[in-house]
Amino acid sequence: MSCRSGRDNTCDRTGQRHRPPGRPRLPGDNDCNHHRHPCHTCDYVMPSSVFHYRSSVTRPTIRPTRSFEYYRQMVSISQTNLRLAVGNCQSLQLHFEQGLLEKVYMNIDRALIADVLADVEVGSEVTIGGWIRTVRASKGGFSFITLNDGSCMDCIQVVADKELGNYDDEISHLTAGCSLIVCGEVVESPGKGQRVELHGREVRVIGLADAEKYPIQPKRHTFEFLRTQAHLRARTNTFGAVARVRSAMAGLIHEYFQSRGFLYVHTPVITASDCEGAGELFRVSTLDLDALPRDDESNIDYAEDFFSRPTYLTVSGQLEAETYSCALGNVYTFGPTFRAENSNTPRHLAEFWMIEPEMAFCDLQGDADLAEDFLKNIFAGILNKCPADMEFFNKRIDNTVIETLTHIAESPFERITYTKAIELLEAADCKWQFPVSWGIDLQTEHERYLTEETFKKPVIITDYPSSIKPFYMRLSDDGKTVAAMDVLVPKIGEIIGGAQREERLDVLTERMEAQSMNVDDYWWYCDLRRYGTVPHAGFGLGFERTIQFATGMANIRDVIPYPRTPRSAEF
RNA sequence: UCCCCGAUAGCUCAAUUGGUAGAGCGAGCGGCUGUUAACCGCUAGGUCGUAGGUUCGAGCCCUACUCGGGGAGCCA
């Protein structure tokens, strides 16, 4: 058997161990590149798409129990895919023997339910794979199976006739959660609620799910319960939709920046600097916590640690992004961020994703302009890219999301200074729990009033007092405020925090010292101001908060696959 | 971390305020059906979050803890 079979890990040619494509290298792996070469028996070259698609994850394997004729029929269903997969091979039989057709069957020849429901013509033959949502079985006639494969919100209805060979043994016992591969004809549906349905010519049961134990029952579940089943919750309508919107939104964000010439910079996850003083940090260490090395004064000896100094998980890539911005112009980061704060709210995570653009030769106005244009693009884009999922959120989660996103995309954000905001709050007919006066940090109640009551749309507040903002924000000529801006949106509150950076070395070091920081630790950051300094600005956008806002999902733990929060890191 | 609320069947909840546990959904079996949150009947399923305490008696009252939710702070 060839090393390309995927079952035999030893190459019959080189004798080396063959690491399946996609699986990370493990100790003992000695990669064989044989599979990249033309097949020595038939000159076949495996298309790269096949390799990319192969997953290392163990999954059910369809044994080639069918006749060769059967596979040829299967393959004839989609000639395009056949050509892609089989290329210039001389003999289908040969590849069948080598297990290749099995791969075709498992990897490429599967149609997506989204495509079948939307595009595929009545009368076509397709093969789909998915997980059962509901079954309505009949002892007499046939069963209706609704199947979902995650490609879209909707399920396809599979009609399984009792004439099928495995009807009594298998199909009549199917329950929610079972996985199937179904091959059949797309027919017009006489029932309501769908354009087409699939008449199963073969319904192959791949994996069973014990109905007594399977947690995702065909009924309404609370999000609290589904959080305890995070490994299975993607099989529900809501979390499938969240996953699709999240992915689409990540794509939109990259598209936005890439199409405007922003460079994607990968800033480090492990950092030695507590860059903004932005809250508690997670420590990164290889020291033995039960036997910490001590120096002469019995302090912990970090010289013994992996990096020979205290290190942490990043709370922001901003400072590093600034360095690249001051060389390459416009850059952005998009990566994980970690905060060890003991925050227990529906808007906080210990591990979340943040987008941080940074622009050289840019001031606060340019920064705010980008923030507004960016949000409008993303929100308009997601309505355009995920209409069915957004429809679902609007119908089942929050019936204002589509209206709100449309409104945001079309109308300008409100822009006011901090000073003006304070005036508005002081004049408001409200009893504040936290009294309002110039110099205070705005509280949630104040932010919500401005964005939900006064303006009823996103508000950009600029020019905050320097005393409540970090050292790197540019000091204004009045000496009292800094060139900071926050974008506030209804319900979520602060979704973006940004600023024009202090580009004057003397002012910067003065402010660092005023905040009791050790300037020497930031020598490289100060170098930017020492050598060819330039006005620059940027902001940070919470990815999960953006998804929350776009979907209407109330709890941030439900818009990330595996939320990390205090006392909670299951899965 | 602070304040408030909650934890009862696989899930969502109820139990007349201290008298020994019930419904819907889900599941199993049977019936019916081009059905689509299908429908009808029957059946199974619970050390009432954990540990103490009060009481003749605790799901219910008290204390502590654990977990979950909401609000606040910190922030994105």
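Residue numbering restarts at 1 for every chain, and letters A, B, ... go by the order of the sequence lines. Keep in mind that this is a model prediction, so the values were computed, not measured.
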* According to a strict under-4.0 Å criterion, is Gln433(A) in side-chain N/O contact with OP1 or OP2 of A72(B)? ->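 It does not, given that no N or O in the side chain of Gln433(A) lies less than 4.0 Å from OP1 or OP2 of A72(B).
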* To do: Report yes if at least one side-chain N or O of Arg227(A) is closer than 4.0 Å to OP1 or OP2 of G69(B); otherwise report no.
  =>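 True: Arg227(A) side-chain N/O within range (under 4.0 Å) of G69(B) OP1/OP2.
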* Could you go step by step and tell me if Lys385(A) and Glu255(A) meet the salt bridge (Lys or Arg N to Asp or Glu O under 4.0 Å) rule? -> CA-CA 13 Å; Lys385(A) 214 167 174 181; Glu255(A) 262 174 60; 3.5 Å; yes
Separation of the [atom1] atoms in [N] and [M], to the nearest angstrom:
| N | M | atom1 | answer |
| --- | --- | --- | --- |
| G19(B) | A58(B) | C1' | 10 Å |
| U20(B) | C60(B) | C1' | 12 Å |
| C67(B) | A76(B) | C1' | 27 Å |
| C75(B) | G18(B) | C1' | 48 Å |
| U1(B) | G22(B) | P | 41 Å |

In whole angstroms, how far is the [atom2] atom of [N] from the [atom1] atom of [X]?
| X | N | atom1 | atom2 | value |
| --- | --- | --- | --- | --- |
| Phe144(A) | A37(B) | CZ | P | 13 Å |
| Phe352(A) | C74(B) | CZ | C1' | 12 Å |
| Arg564(A) | C75(B) | CZ | P | 24 Å |
| Leu174(A) | A27(B) | CG | P | 13 Å |
| Leu198(A) | U35(B) | CG | P | 19 Å |
| Arg347(A) | G70(B) | CZ | C1' | 11 Å |

* To do: Under 4.0 Å between any heavy atoms, over every strand shown, what does Glu197(A) touch: base, sugar-phosphate, or nothing? Just pick one.
  =>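 It contacts base atoms.
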* To do: Please work out if Thr228(A) contacts a base, only the sugar-phosphate, or nothing of the nucleic acid, heavy-atom cut-off 4.0 Å.
  =>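 Result for Thr228(A) = nothing.
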* Any chance the rings of Tyr472(A) and Tyr525(A) have centres within less than 6.0 Å? ->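 Between Tyr472(A) and Tyr525(A), the centre distance exceeds or equals 6.0 Å.
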* Asked: Are the ring centres of His254(A) and Tyr256(A) closer than 6.0 Å?
  ->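 Aromatic pair excluded; centres sit 6.0 Å or further apart.
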Would you call [X] and [Y] a salt bridge, using N to O less than 4.0 angstrom?
| X | Y | answer |
| --- | --- | --- |
| Glu188(A) | Arg195(A) | no |
| Glu494(A) | Arg545(A) | no |
| Arg246(A) | Glu544(A) | yes |

* With the side chain counted from C-beta on, respond yes when Leu349(A) and Thr565(A) share a heavy-atom pair under 4.5 Å apart, and no when they do not. =>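 In contact.
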Partner nucleotide of [N] by Watson-Crick or wobble geometry (both distances under 3.5 Å):
| N | result |
| --- | --- |
| U35(B) | none |
| C42(B) | G28(B) |
| A58(B) | none |

* Asked: Is the glycosidic torsion of U55(B) within 90° of 0, making it syn, or is it anti?
  ->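 In terms of base orientation relative to the sugar, U55(B) is anti.
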* Asked: Do side-chain atoms of Lys457(A) reach the backbone of Pro412(A) as a donor and acceptor pair under 3.5 angstrom?
  ->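 Flag set: sc Lys457(A) to bb Pro412(A) pair under 3.5 Å.
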* Asked: Counting distance only, does the side-chain N/O of Tyr418(A) pair as donor-acceptor with the main-chain N or O of Gly439(A) below 3.5 Å?
  ->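 Yes; judged by distance alone, with no hydrogens or angles, the pair exists.
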* Asked: Quick one: what's the B/S/- string for nucleotides 1-13 of chain B, heavy-atom cutoff under 4.0 Å, read 5' to 3'?
  -> B--------BBS-
* Asked: Within 45° of the axis and under 6.0 Å from the centre of the six-membered ring of Tyr167(A), does NZ or CZ of Lys162(A) qualify?
  ->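 No, Lys162(A) does not sit over the ring of Tyr167(A).
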* Asked: Which of the following nucleotides, G69(B), G73(B), U36(B), is nearest to the side chain of Arg136(A)?
  ->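 Of G69(B), G73(B), U36(B), U36(B) is nearest to the side chain of Arg136(A).
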* Asked: Which nucleotide, C74(B), A76(B), U35(B), lies nearest any side-chain atom of Gln194(A)?
  ->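 Nearest to the side-chain atoms of Gln194(A), counting from C-beta on, is U35(B).
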* Asked: What are the residues of residues 537-544 of chain A, sorted by number, that bring a heavy atom to within less than 4.0 Å of RNA chain B?
  ->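 Those residues whose heavy atoms fall under 4.0 Å from RNA chain B, taken from residues 537-544 of chain A in numerical order, are Gly540(A), Gly542(A).
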